[in-house]
Amino acid sequence: MIQILLPLLIALQLAPAWTAAAERDADEPATSALAAPASSAGAATVSLSDDGQALAGIQTAPLQALELEDESRAYGKVLDMQELLSLRARYRAALSELTIAEAQFKVARSSYERISHLHRESIIPTRDLIQAEAQLASEQARCEGFRRNLQEVREEALQSWGGELFRQAVERESPLFHSLLERSRVLLLVSLPPGHARPETYRRIKVALSGERQQAREAELVSPAPRTDETTQGETWFYAAPAAGLRSGMRVDIWLPDAGARQSGVLIALSAIVWHVGRPWAYIQAGATQFVRRPIGPHRDLGGAWFVQQGFEAGESVVVVGGQTLLSEELRPQTHAKDGDDD
């Protein structure tokens, strides 16, 4: 009899707990049928019905294949032309003074030669010859002074700007100088990475403001730069680039082509990138209602998109609008699980 009654008594004691648990389960909201994540090999899958996709505004686009030339990163600065213009003005003023002094010296020498001839013929007194000699010596000294001044300005310009830029912008009025003067082009001081010497492939480089790789414009080599950049220790070179959007003092990013080396990959739009636990990801559509979240590894920032070589294939449909919504749906079951644990 006791063996029969004992299980019955235990069941009656546990009945209130079973009832409470059942009521609590009834009050719990059901897990969203839209999200059913499954993780494997660094990727996670989430399901979203057609209606859910329409409601979330999900949009996809095929990944485009791209082949890029290998590049090295460098940095540059847009130079203020005022220093060069001031040197040019000083050089031109010194040159004018020397030209005038040399003309006066020629007159003094011609006068001295005429008076010397007349003195030998005993036509004019020695006093006039002495005065002519003194005038000639004075004009010669003036010429030497202006010549030294011109040389000093020239040496200062060479120390700051180098021989080629000095010739194009100071000694003569070249097309380059006129474009710099009219601000249709700007002069860049480009600092190559340490250990990089300029091969012939660096005659043309790409330059853009930070984060605007896709808007990069082409810059042409002008000459080596005798000055250096305070922030780098590499070789420096002068380049000229279109002035649109660039102002004196701006820091710019430089991309140097590496001849012969090319990379293959795909372009992932910035709008497709979602961030989770400090890492970038992108959702790839794996079926009508299936989306796989894949990590984005090493990449090259091209401004409006990232160039990625691994983990993605050309032609795959990437979510370009609504990725954050998919991430929220994927993480929703985890949120409910945590809420249940708190209860």
Side-chain angles (χ1 to χ4, degrees), residues 66-84 159-166 168-169 174-177 179-270 280 296-309:
L66 184 65
E67 200 172 74
L68 287 182
E69 194 172 41
D70 262 354
E71 294 177 329
S72 298
R73 190 76 169 271
Y75 300 94
K77 180 181 180 180
V78 182
L79 295 177
D80 188 348
M81 296 302 298
Q82 188 57 50
E83 181 185 345
L84 182 61
Q159 288 295 317
S160 298
W161 302 95
E164 182 60 30
L165 192 55
F166 170 78
Q168 292 200 47
S174 66
L176 170 64
F177 172 74
S179 66
L180 296 175
L181 192 62
E182 295 168 357
R183 292 289 302 175
S184 61
R185 303 175 86 188
V186 293
L187 191 65
L188 305 174
L189 179 65
V190 175
S191 303
L192 300 184
H196 281 61
R198 183 195 60 81
E200 286 304 312
T201 52
Y202 289 4
R203 295 197 67 84
R204 294 178 183 273
I205 61 175
K206 296 291 186 179
V207 54
L209 295 175
S210 180
E212 298 183 4
R213 176 63 180 84
Q214 286 188 317
Q215 284 73 48
R217 77 284 310 269
E218 198 170 69
E220 296 180 359
L221 175 67
V222 176
S223 65
R227 65 174 67 187
T228 187
D229 193 309
E230 318 82 57
T231 59
T232 64
Q233 297 299 318
E235 292 188 9
T236 51
W237 300 81
F238 290 127
Y239 283 81
L246 298 180
R247 300 290 183 271
S248 297
M250 281 184 172
R251 290 282 178 177
V252 292
D253 290 339
I254 304 295
W255 292 270
L256 309 169
D258 292 339
R262 302 188 71 82
Q263 298 176 343
S264 298
V266 297
L267 276 181
I268 299 180
L270 292 183
I296 301 177
H299 58 273
R300 187 190 299 182
D301 189 350
L302 301 184
W306 285 3
F307 174 72
V308 180
Q309 292 183 263

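- Contact annotation: the side chain of Val252 approaches that of Leu246 to within less than 4.5 Å [non-hydrogen atoms, C-beta and beyond].
- Atom CE of Met81 is separated from atom CG of Leu181 by 8.0 Å, given to the nearest 0.5 angstrom.
- Looking at Leu176 and Val222, their side chains come closer than 4.5 Å, going by heavy atoms from C-beta outward.
- Rounding to the nearest 0.5 Å gives a distance of 12.0 Å between CD1 of Ile268 and CG of Leu66.
- In this structure, CG in Leu188 is found 11.5 Å from CZ in Arg251, a value given to the nearest 0.5 Å.
- For the pair Met250/Leu209, a side-chain contact is recorded, criterion being any heavy-atom separation below 4.5 Å from C-beta on.
- Taking each heavy atom of Ala305 and Ala269 in turn, the nearest pair found is CB-CA, 4.1 Å.
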Q.
Show, in sequence, the C-alpha distance, side-chain angles and deciding distance for Tyr75 and Ser191, and conclude whether the side chain to side chain contact (heavy atoms under 4.5 Å, CB included) test is met.
A. CA-CA 6 Å; Tyr75 300 94; Ser191 303; 5.6 Å; no
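- Ionic pairing of Arg203 and Glu218 is not present here: no N-O contact between side-chain nitrogen and carboxylate oxygen is shorter than 4.0 angstrom.
- Taking Glu164 as the reference, Arg167 meet the salt bridge (Lys or Arg N to Asp or Glu O under 4.0 Å) condition, with sequence neighbours excluded.
- The two residues Asp80 and Ser248 come nearest to each other via the heavy atoms CA-OG, 3.8 Å.
- Rounded to the nearest 0.5 Å, atoms CG (Leu187) and OG (Ser179) are 9.5 Å apart.
- Applying the side chain to side chain contact (heavy atoms under 4.5 Å, CB included) rule to Ser264 yields the partners Glu67; only residues at least two apart in sequence or on another chain are considered.
- The distance from the CZ atom of Phe177 to the CG atom of Leu84 is 7.0 Å, given to the nearest 0.5 Å.
- Side-chain atoms of Leu221 and Ile205, non-hydrogen and from C-beta on, never get closer than 4.5 Å to each other.
- The structure places CD1 of Ile254 at 13.5 Å from NZ of Lys77, a figure rounded to the nearest 0.5 Å.
- For Gln159, there are no side chain to side chain contact (heavy atoms under 4.5 Å, CB included) partners at least two apart in sequence or on another chain.
- Taking all atoms of both residues into account, the shortest heavy-atom contact from Ala243 to Arg217 is C-NH1, 4.3 Å.
- Counting heavy atoms from C-beta on, the side chains of Trp161 and Glu83 come closer than 4.5 Å.
- Between Trp306 and Leu267, the closest side-chain pair of non-hydrogen atoms is not below 4.5 Å.
- Considering every non-hydrogen atom in both Pro226 and Pro224, the closest pair reads CD-O, 3.8 Å.
- Side-chain contact between Leu189 and Val78 is absent, with no heavy-atom pair separated by less than 4.5 Å.
- Residues Val207 and Tyr239 fail the side-chain proximity criterion, which asks for heavy atoms closer than 4.5 Å.
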